[in-house]
Amino acid sequence: MYSAMLSAPVGDDVFGEDPTVAKLESHLASLFGKEAGLFFPTGTQSNLCGLMAHCNSRSSEIILGSNSHLCLYEQGGLSTLGSIHSRQLPEDPETAQVPIDAFVAGVRGDDPHYPRTAVAAIENTHNVLGGKVLPASYISSLGAALAAQDVPLHIDGARIFNACVKLNVTPAELCAGAASVSICLSKGLGSPVGSVLVGSKHVVGLARRARKAAGGGMRQAGVIAAAGLYAVENNVERLADDHQRAEFLCGKLREAGYGIEVAPTTNLCYFTLPDGCALDSGAFADRCKERGVLVGLMYGETFRFATHKDVDDEGLELAAKVFADVLR
Ligand SMILES: *Cc1c(COP(=O)(O)O)cnc(C)c1O
């Protein structure tokens with residue numbers, strides 16, 4: 001990855017003259033079956049600008065899941081920066097899906113009492129609901145139901161490649177029902193930075209305008225786009241290893257006792273320590289840390305592990321041993 005960065009041809013991307021950025025954008029657009037792509041430093045900015053593009057007039061509304069990253073972890077930027085009102089619907093915790101009829105019933109038309117529904121969004125894989133995968137059938141049916149109401153569908157695809165690998169489908173197949181997708185290069189794919197928004201030329205053009213207002217463009221950004229290209233070309237298939245490793249780790253936690261229930265679907269596993277456990281969450285995390293294993297509290301008393309490129313089998317064996325010792 002470093003050598004790809006070192007040898008990347010660059011130019012001024014503010015003028016659309018960086019060949020490496022252009023290559024990354026068009027590569028992802030074609031992988032996802034969309035017309036155009038736009039490079040961003042972060043997924044938060046890519047989501048925001050993509051949604052600002054869809055909500056290009058005042059009193060616009062987005063419909064989205066109440067446990068989505070967009071709702072919970074992007075500081076409400078949709079409202080504070082994008083002037084977008086959000087209508088939040090609960091996901092089914094088993095499937096991580098907002099039922100299609102609930103989405104459709106949530107659409108609000110041209111009545112002066114209401115904001116106008118300009119876009120709907122889903123998250124795939126779904127972070128807070130455990131790395132769950134939303135299948136292509138759901139996305140295409142939802143996309144079609146919304147399109148019948150003139151509402152485009154956006155996918156927060158921070159981990160969309162995890163979903164593709166898990167389902168063994170191409171990004172274009174999985175995202176055919178969506179008008180835009182925000183793709184993170186910096187999560188499991190292992191790039192230090194970067195996200196790409198893909199969609200129609202029209203939507204990407206509007207997102208480019210929004211990007212300027214939301215912090216500006218970047219100049220010789222080919223240096224970091226090269227890392228993203230390398231990640232997409234080399235680090236996608238290996239996501240299956242992350243999924244397998246998450247499975248292994250969850251098995252070890254279950255074996256460690258106390259009836260910990262944990263079942264990963266992709267590379268994330270969430271768990272809480274059950275009531276019968278002698279340790280509280282803070283003590284568990286401290287003991288693990290003393291032994292060289294970092295376990296993060298995600299929210300409340302819930303821990304999250306994420307397996308990724310820099311977690312190897314040796315590290316996993318160590319983590320499994322530490323969990324068993326600490327919980328004993
Ligand atoms: C990480 C993440 C983002 C935002 O990405 P940043 O690059 O951290 O801004 C958006 N959505 C989901 C589901 C994420 O996990």
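- Under a 4.5 Å side-chain heavy-atom cut-off, the cluster of Ile, Leu, Val, Met, Phe, Trp and Tyr residues that includes Leu38 is completed by Phe40, Leu197, Val204.
- For the residue pair Glu123 and Ser68, no side-chain donor N or O sits within less than 3.5 Å of a side-chain acceptor on the partner.
- Within 6.0 Å of OH on Tyr299 lie more than 12 heavy atoms contributed by other residues, nucleotides or ligands.
- No side-chain heavy atom of Leu134 sits under 4.5 Å from any side-chain heavy atom of Glu91.
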Ignoring hydrogens and angles, write down the donor-acceptor pairs under 3.5 Å from the side chains of residues 238-250, residues two or more places apart or on other chains.
| residue | atom | partner | partner atom | Å |
| --- | --- | --- | --- | --- |
| Arg238 | NH1 | Asp242 | OD2 | 3.2 |
| Arg238 | NH2 | Asp242 | OD1 | 2.6 |
| His243 | NE2 | Asn162 | ND2 | 3.0 |
| Arg245 | NE | Asp313 | OD1 | 2.8 |
| Arg245 | NH1 | Val311 | O | 3.4 |
| Arg245 | NH2 | Asp313 | OD1 | 3.4 |

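- The distance from the CG atom of Leu268 to the CE atom of Met298 is 8.0 Å, given to the nearest 0.5 Å.
- Nearest heavy atom pair, residue Phe39 against residue Gly194, reads CE1-CA, 3.8 Å.
- Residues Asn47 and Glu74 form a side-chain contact, since some pair of their non-hydrogen atoms from C-beta on lies under 4.5 Å apart.
- Contact of the Leu24 side chain with the Leu185 side chain is registered, since non-hydrogen atoms from C-beta on lie closer than 4.5 Å.
- Between Phe305 and Phe271, the ring planes are tilted. Angles from 30° to 60° get that label.
- Residue Pro135 comes nearest to Gln97 through the heavy atom pair CD-NE2, 3.4 Å, listed as atom of the first residue, atom of the second, then distance.
- One N or O on the side chain of Lys132 and one on the backbone of Pro93 form a donor-acceptor pair closer than 3.5 Å.
- In this structure, Tyr270 has no ring pair (Phe, Tyr, Trp, His ring centres under 6.0 Å) partners at least two apart in sequence or on a different chain.
- Considering only residues two or more places apart in sequence or on other chains, Ser186 meets the side chain to side chain donor-acceptor pair (under 3.5 Å) condition with none of them.
- Going from atom OG of Ser59 over to atom CZ of Arg116 covers 5.5 Å, rounded to the nearest 0.5 Å.
- Between Asn67 and Val128, the shortest heavy-atom distance links the atoms O-CB, 3.7 Å.
- Shown here for Cys288 and Val295, the closest heavy-atom pair between the two residues is CB-CG2, 3.8 Å.
- Residues Leu318 and Phe303 fall within the same hydrophobic cluster, defined by Ile, Leu, Val, Met, Phe, Trp and Tyr side chains chained together at heavy-atom separations under 4.5 Å.
- Taking a 4.5 Å side-chain heavy-atom cut-off between Ile, Leu, Val, Met, Phe, Trp and Tyr, the cluster of Ile84 extends to Leu48, Leu51, Met52, Ile62, Leu64, Leu70, Leu78, Leu81, Val119.
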| Chi angles and distances behind the salt bridge (charged side-chain N to carboxylate O under 4.0 Å, His left out) call for Arg287, Glu290 | CA-CA 5 Å; Arg287 300 269 178 85; Glu290 281 161 19; 5.1 Å; no

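- When every heavy atom of Ser141 is checked against every heavy atom of Ile100, the shortest pair comes out as CB-CD1, 3.6 Å.
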For residues 213-236, tabulate all N or O donor-acceptor pairs below 3.5 Å that involve a side-chain atom, not counting sequence neighbours.
| residue | atom | partner | partner atom | Å |
| --- | --- | --- | --- | --- |
| Asn234 | ND2 | Tyr230 | O | 2.9 |
| Asn235 | ND2 | Leu189 | O | 2.8 |

| query | Could you walk me through whether Gln45 and Arg211 pass the side-chain contact (heavy atoms from CB on, under 4.5 Å) check? | reply | CA-CA 7 Å; Gln45 201 186 1; Arg211 187 181 69 172; 3.7 Å; yes

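- Contacts of Asp111 classified as side chain to side chain donor-acceptor pair (under 3.5 Å), with partners at least two apart in sequence or in another chain: His113.
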Listing, residues 170-178 side-chain donor-acceptor contacts under 3.5 Å, not counting sequence neighbours, or none:
| residue | atom | partner | partner atom | Å |
| --- | --- | --- | --- | --- |
| Thr170 | OG1 | Glu173 | N | 3.0 |
| Thr170 | OG1 | Glu173 | OE1 | 3.4 |
| Glu173 | OE1 | Thr170 | N | 3.0 |

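- Applying the ring pair (Phe, Tyr, Trp, His ring centres under 6.0 Å) test to residues at least two apart or on different chains, the pairs with a partner in residues 151-183 are Phe32-Phe161.
- With rounding to the nearest 0.5 angstrom, the NZ atom of Lys166 is 15.0 Å from the CZ atom of Arg159.
- Leu297 and Leu279 end up in the same hydrophobic cluster when Ile, Leu, Val, Met, Phe, Trp and Tyr side chains are linked at under 4.5 Å.
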| field | side chain to side chain donor-acceptor pair (under 3.5 Å) evaluation trace for Glu301 with Ser281 | value | CA-CA 6 Å; Glu301 298 290 299; Ser281 308; 2.5 Å; yes

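- Checking side-chain atoms of Glu35 against main-chain N and O of Lys201 turns up a donor-acceptor pair under 3.5 Å.
- A distance of 9.5 Å separates NZ in Lys187 from OG1 in Thr125, rounded to the nearest 0.5 Å.
- Formation of a donor-acceptor pair under 3.5 Å by the Thr20 side chain with backbone atoms of Pro9 is found in this model.
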| request: For the pair Leu327 and Leu273, evaluate side-chain contact (heavy atoms from CB on, under 4.5 Å) and give the outcome as yes or no after the intermediate values. | output: CA-CA 10 Å; Leu327 288 168; Leu273 297 175; 4.0 Å; yes

| task | Show your reasoning for whether side-chain contact (heavy atoms from CB on, under 4.5 Å) applies to Asn124 and Val133. | result | CA-CA 6 Å; Asn124 201 9; Val133 173; 4.2 Å; yes

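- Judged by distance alone, with hydrogens and angles left aside, the side-chain atoms of Ser7 form a donor-acceptor pair with the main-chain N or O of Ser3 at under 3.5 Å.
- When side chains are defined from C-beta on, Ile122 counts as touching Tyr138, because their heavy atoms get closer than 4.5 Å.
- The side-chain contact (heavy atoms from CB on, under 4.5 Å) search around Asp92 returns Glu94, Thr95, not counting sequence neighbours.
- With sequence neighbours excluded, no residue satisfies side chain to side chain donor-acceptor pair (under 3.5 Å) with Lys309.
- Of the possible polar contacts, none joining the Glu61 side chain to the Arg108 backbone as a donor-acceptor pair under 3.5 Å is found.
- Nearest heavy atom pair, residue Val107 against residue Ile63, reads N-CD1, 3.6 Å.
- Under a hydrophobic clustering in which Ile, Leu, Val, Met, Phe, Trp and Tyr are joined whenever their side-chain heavy atoms come within less than 4.5 Å, directly or via other members, Leu206 and Leu153 fall into different clusters.
- From Asn127, atom CG reaches atom CZ of Arg304 across 5.0 Å, with rounding to the nearest 0.5 Å.
- Atom CG in Leu167 sits 9.0 Å away from atom OG in Ser137 (nearest 0.5 Å).
- Tracing side-chain contacts under 4.5 Å through hydrophobic residues (I, L, V, M, F, W, Y), one reaches Ile139 starting from Leu142; they form part of the same cluster.
- Proximity of a side-chain donor or acceptor of Asn267 to a complementary backbone N or O of Thr307 within less than 3.5 Å is detected.
- Side-chain contact between Ser60 and His54: absent, with no pair of heavy atoms (C-beta onward) separated by less than 4.5 Å.
- Residues passing the ring pair (Phe, Tyr, Trp, His ring centres under 6.0 Å) test with Tyr73, sequence neighbours excluded: His69.
- Within a 6.0 Å radius of CD in Gln149, other residues, nucleotides and ligands contribute more than 12 heavy atoms.
- Around the CZ atom of Arg291, the shell of radius 6.0 Å holds more than 12 heavy atoms that belong to other residues, nucleotides or ligands.
- More than 12 heavy-atom neighbours from other residues, nucleotides or ligands sit within 6.0 angstrom of CG on Asp310.
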